[in-house]
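Following: one structure in structure tokens, then a few remarks.
Just so we're on the same page: letters track the sequence lines, and every chain starts at 1.
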There are 2 protein chains.
Amino acid sequence: MPRKPSAVDAPLRLDNQICFAVYSAAHAFNRVYKPLLDRLGLTYPQYLVMLVLWERDDVPVKDIGERLFLDSGTLTPLLKRLEAAHLVRRTRSSEDERQVLIALTAQGHALKEKARAVPQSILAASDCSVSELVAMKDEIVALRDRLNAVIGE
Amino acid sequence: MPRKPSAVDAPLRLDNQICFAVYSAAHAFNRVYKPLLDRLGLTYPQYLVMLVLWERDDVPVKDIGERLFLDSGTLTPLLKRLEAAHLVRRTRSSEDERQVLIALTAQGHALKEKARAVPQSILAASDCSVSELVAMKDEIVALRDRLNAVIGE
DNA sequence: TCACATTTAATTGTTCGCAATTGAATGTCG
DNA sequence: CGACATTCAATTGCGAACAATTAAATGTGA
């Protein structure tokens with residue numbers, strides 16, 4: 001009969017790590033998105049920033065960062081690349097000169113229409129019902145929020 | 001009464017993206033792991049490599065890559081850093097000189113004992129029962145595998 | 001008003017992650 | 001055996017991600 005793997009080692013086994021499940025799923029998503037986003041000329045993090053801006057633009061960098069859990073060290077160069085691609089404009093706020101406001105250009109707004117094809121393709125690749133995906137998403141968000149609550153306490 | 005948000009925009013809303021749930025959960029995990037792994041002198045991806053090697057070492061780079069879904073472009077420099085930290089040894093296989101075998105040093109083996117404290121802390125931070133976490137992990141792995149199946153077809 | 005703390009982006013340096021390419025070793029087929 | 005393809009690791013270049021620091025603008029309290 002097959003030898004049972006040591007029980008004391010179970011907590012350190014790779015396949016028992018939920019963090020690795022999440023980590024590897026994130027990379028899998030990235031690889032599925034890649035060819036879709038190439039057509040839009042966006043990377044995946046850039047796509048996330050555009051999602052935020054398509055909901056509401058003319059917002060400070062900080063707001064985008066809070067929404068995506070990213071800091072200026074990540075966002076500043078990313079936003080400069082979006083500016084170089086003529087998708088956004090970066091302007092100092094006149095009320096508070098510490099803030100840099102990010103606004104969509106006409107091109108940036110227009111890209112939203114091309115982007116509508118993306119979620120459909122992702123749904124198809126997930127090979128899963130919408131309701132199942134929504135349930136999973138809610139569970140993962142709840143876990144994420146519990147993890148974030150522990151940070152900095 | 002509050003205006004209902006446009007239904008056509010729902011698929012592009014950030015909070016409806018399961019990919020963003022996964023992406024942001026992965027970053028949240030990373031932030032929770034950071035202080036724990038700092039004590040071991042490891043980054044999170046380095047920790048994953050060590051988990052693989054603690055199960056079985058003296059394996060080629062390729063095997064580690066298949067296990068973690070990473071390629072040599074990521075692993076080669078990472079393994080060189082682990083070697084510089086005296087946790088692994090990198091040796092060309094004599095049977096097949098294309099392969100580089102990764103073996104743990106005594107220090108690398110010893111670090112496993114210190115690492116046993118990590119999963120407990122993560123479980124506590126998750127604020128969730130083991131059975132719930134296992135169920136979520138299995139769902140996420142199944143989704144990941146479906147996504148990976150779509151890639152390259 | 002003035003010293004001081006806080007906020008906001010930007011910058012620097014290190015480590016991933018991946019595409020694309022290279023070069024050496026090995027396999028395969030005529 | 002010999003041309004050819006394949007495999008494997010390493011390399012290069014670019015774009016995140018984050019810690020730590022900096023600098024400027026703003027807020028606060030004596």
Give the rounded distance in Å between these two atoms: [atom1] of [X] and [atom2] of [N].
| X | N | atom1 | atom2 | value |
| --- | --- | --- | --- | --- |
| B:Y47 | C:dC16 | OH | P | 16 Å |
| A:L79 | C:dT11 | CG | P | 13 Å |
| B:R92 | C:dA25 | CZ | C1' | 9 Å |
| A:R90 | C:dT8 | CZ | P | 17 Å |
| A:D38 | C:dA19 | CG | P | 10 Å |

Along nucleotides 15-28 of chain D, 5' to 3', which nucleotides get a B, which get an S, and which get a -, given that the test is a protein heavy-atom distance under 4.0 Å? SSBBS-----BS--

Return one dot-bracket line describing DNA chain D 5' to 3' (Watson-Crick or G-U wobble pairs, both distances under 3.5 Å; ( ) same strand, [ ] crossing, | another strand, . none). ||||||||||||||||||||||||||||||

So among B:L78, B:L53, B:L70, B:L48, which one has a side chain to side chain contact (heavy atoms under 4.5 Å, CB included) with B:I64?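 By the side chain to side chain contact (heavy atoms under 4.5 Å, CB included) criterion, B:I64 pairs with just one of B:L78, B:L53, B:L70, B:L48: B:L53.
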
Inter-residue atom distance B:W54.CH2 - B:Y47.OH, 0.5 Å rounding: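 Those atoms lie 6.5 Å apart.
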
Hey, are [X] and [Y] close enough for a salt bridge, meaning a charged N less than 4.0 Å from a carboxylate O?
| X | Y | result |
| --- | --- | --- |
| A:R13 | A:D15 | no |
| B:D38 | B:K34 | yes |
| A:R90 | A:E83 | yes |

For C:dA10, take OP1 and OP2 only and decide whether either is under 4.0 Å from a side-chain N or O of A:K62.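 Answer is no, no contact under 4.0 Å.
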
Check the phosphate of C:dT15 against B:K80, side-chain N and O only, distance under 4.0 Å to OP1 or OP2. Yes or no?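 Checking B:K80 against C:dT15: no side-chain N or O falls below 4.0 Å of OP1 or OP2.
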
